[in-house]
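Remarks on the structure that follows.
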Amino acid sequence: MSDRKKIPRVALPADARIDTLAVREGLPATPWGENSEALFLTSSFVHPDAETAARRFANEEEAFVYSRFSNPTVMMMERRLAALEGTEACLATSSGMAAIMLLLMGLLKSGDHVVCSRSVFGSTIKLLQGEFGKFGVQSTFVAQTELEAWRAAIKPNTKLLFAETPTNPLTEVCDIAALAEIAHAAGALLAVDNCFATPALQRPTLLGADFIIHSGTKYLDGQGRVIAGAICATEKYIDEVFMPVQRSAGMSLSPFNAWVVLKGLETLSIRMQAQGARAAELARWLESQPQIAQVFYPGLKSHPQHELAMRQQGGQGGAVVSFIVRASGSAGADARKAAFHVIDQTKICSITANLGDTKTTITHPASTSHGRLSEEQRQAAGITQGLIRVAVGLEDIEDIKADLARGLDSL
Ligand SMILES: *Cc1c(COP(=O)(O)O)cnc(C)c1O
C-alpha cells in the first residue's frame, strides 16, 4: 500500500522540532489560504469521475471519501498528535474508551489473554472483564509497579500487556521500557494509556511500547470541551489492523471535536509545563500541612517511583495531585466527612471527576470515579475515604492553596 497515491503533507523542514510541529503539522491549507485550520463539516466527499471513485474505494489512492473513516479536519488532528508522540500514524476515535475498544477489537480474538494493570481507568477494567470476557478474551490484573507480577501473569496465549502511567488517582508510575521488554520476550505487545502524562512529558513508543492510547477529552483538548480519543502506532498497524475495524465499527471522531482537540494540541506543552509547575508547588505545600496524612505526586521525593518518574517523564510530575486528609477518628466515616468538608469549603475548584482542564477540579474518588467498587476492592486499590484528588489548572496557585486551606484549617 505504501506506493499508493497519498494525501499531501505540509511543507515543513524535515528537522522541525516538536513545539513547531504542535502548531504546524496537519494538512496544507486549501486554495483560500486560511491560516487557522479549516473545519470540514461534511459527511461525504465528491469524486471527479467514476474511475477515480473506484480507485479511492479500492484504497489505491488515499483520498477523503466518507467521514466515518476519513475527514481533513480529523486527519490534521491525527497527523499532529502522531508528530507529538513520535509515531508514524494515529487514528482518532469518538472517545478514549472507543480508542481502547478499537485497540482490543483489532488485536484480539476469542481465546487470547491480556495482562493489565489493576490501577488503570475503571471503564478499561470493566470493558476487558465484561465485554471482552463475554467474547472469550481472558484478562489478568496485576499490581501496577511490580514487574515480577507482570512477568508471572504471562501465559502462552498472552497477546497484549496494557498499562497506564501515571495512574488515577494515586499517580503510580510503571517502567514502560521494562514492560515492553517483558511483553516482547513473550511475543506479546504493549499498549500504554498516555492520558495523564501526554506526549509533552512522555512518549511511550520511544521507550518500546507498541501502541499509545489517548483520551483526548483530558489534556489534549485541555479546556474540558469535548469527548475524544486516539490510538497512535505504526502506519502498518493503523492502516491494516485498526482502520478496517474503524471502517466497519464506526467509532469515529466528529470533525468539530477533532478541530477542538487540534487547536488544543497547539498549547499542550506550555499548559503541561504551567499546570505541572503549579501542581508541584501545591504538592509541596500540602506535604507541609498538619491535617494531611499523605500526598501522592510523582514530582515529590517521597513518591515511591520518584526517580523512575523523573527519568521517564522528562523531569516533570504532571498536573494531578492526590492527598489523604487526616481524620479525627480512625473510622472510614470520619475520613469521608473530613474529605467532604475540605471539598465543600472550596469556592474556586470545580467539584467534578473530569481532569485535564485549565480550571482546577477536585474530586472524592471513593464516592465518584471508584464508587462502583466494593469497599474491599477500594481498600485493595488504596482508594480510601480520606482521599481527595486535585487536577491542577491554570489559576494562580496561591488562590488554590487558600481554597483548600479554608477546609483544612477548619477540620
Ligand atoms: C478519561 C480516561 C479514559 C477514557 O476516556 P473518555 O474520553 O472519557 O472515553 C481512559 N483512560 C484514562 C486514563 C482516562 O483518564
Side-chain angles (χ1 to χ4, degrees), residues 74 77 81 85 90-105 114 116-132 141 144 160 162-174 176 191-202 204 209 211-232 246 249-254 256-258 260-261 264-265 268 272 275 279 296 298 313 318-322 350 352-357 361-363 365 368-372 381 383 389-393:
V74 177
M77 188 219 109
L81 182 56
E85 284 288 8
C90 168
L91 184 58
T93 56
S94 52
S95 68
M97 289 319 301
I100 298 174
M101 172 84 172
L102 196 53
L103 176 91
L104 302 177
M105 284 180 81
V114 178
C116 182
S117 159
R118 67 174 179 222
S119 312
V120 296
F121 191 65
S123 300
T124 307
I125 295 179
K126 293 246 177 236
L127 183 66
L128 272 169
Q129 263 180 340
E131 278 65 48
F132 280 85
F141 296 90
Q144 164 90 351
L160 180 70
F162 191 103
E164 182 185 312
T165 181
T167 59
N168 178 30
L170 296 178
T171 70
E172 293 172 293
V173 174
C174 64
I176 297 172
V192 174
D193 184 330
N194 202 23
C195 178
F196 270 54
T198 82
L201 272 59
Q202 140 187 308
F211 312 107
I212 298 166
I213 290 293
H214 270 292
S215 167
T217 314
K218 315 293 167 53
Y219 293 103
L220 304 189
D221 165 7
Q223 294 176 62
R225 298 165 292 194
V226 300
I227 304 285
I231 304 181
C232 297
Q246 179 72 310
M251 296 172 276
S252 327
L253 183 61
S254 103
F256 180 81
N257 291 1
V260 171
V261 174
L265 290 176
L268 176 66
M272 289 308 287
Q275 290 175 228
F296 303 88
Q313 299 172 196
V320 175
V321 182
S322 293
S350 309
T352 171
N354 195 29
L355 64 108
D357 201 315
T361 64
I362 189 164
T363 187
T368 59
S369 54
H370 296 68
R372 286 187 292 175
I383 314 292
R389 188 202 72 195
V390 174
V392 180

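When a ligand or atom number is given, it counts from 1 through the structure's own listing order. As the structure is a prediction and not an experimental result, all values here were calculated from the model.
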Quiz item: Can you find a heavy atom in the side chain of Leu253 that is under 4.5 Å from one in the side chain of Met77?
Solution: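 Contact flag for Leu253/Met77 side chains = yes.
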
Quiz item: Does the side chain of Glu85 reach to within under 4.5 Å of the side chain of His214, using non-hydrogen atoms?
Solution: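 Side-chain contact under 4.5 Å: yes.
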
Could you check whether any side-chain N or O of [X] sits under 3.5 Å from a backbone N or O of [Y], counting only pairs where one atom can act as donor and the other as acceptor?
X: Gln275; Y: Ala391; answer: no
X: Gln202; Y: Thr165; answer: yes
X: Arg389; Y: Thr361; answer: no

Quiz item: With Phe296, which residues qualify under ring-ring contact (aromatic ring centres under 6.0 Å, His included), at least two apart?
Solution: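 With sequence neighbours excluded, Phe296 shows a ring-ring contact (aromatic ring centres under 6.0 Å, His included) to no residue whatsoever.
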
N/O contact list for ligand 1, threshold under 3.5 Å:
{"residue": "ligand 1", "atom": "5 (O)", "partner": "Ser215", "partner atom": "OG", "Å": "2.9"}
{"residue": "ligand 1", "atom": "7 (O)", "partner": "Gly96", "partner atom": "N", "Å": "2.9"}
{"residue": "ligand 1", "atom": "7 (O)", "partner": "Ser215", "partner atom": "OG", "Å": "2.8"}
{"residue": "ligand 1", "atom": "7 (O)", "partner": "Thr217", "partner atom": "OG1", "Å": "2.6"}
{"residue": "ligand 1", "atom": "9 (O)", "partner": "Gly96", "partner atom": "N", "Å": "3.0"}
{"residue": "ligand 1", "atom": "9 (O)", "partner": "Met97", "partner atom": "N", "Å": "2.9"}
{"residue": "ligand 1", "atom": "11 (N)", "partner": "Asp193", "partner atom": "OD2", "Å": "2.6"}
{"residue": "ligand 1", "atom": "15 (O)", "partner": "Lys218", "partner atom": "NZ", "Å": "2.7"}

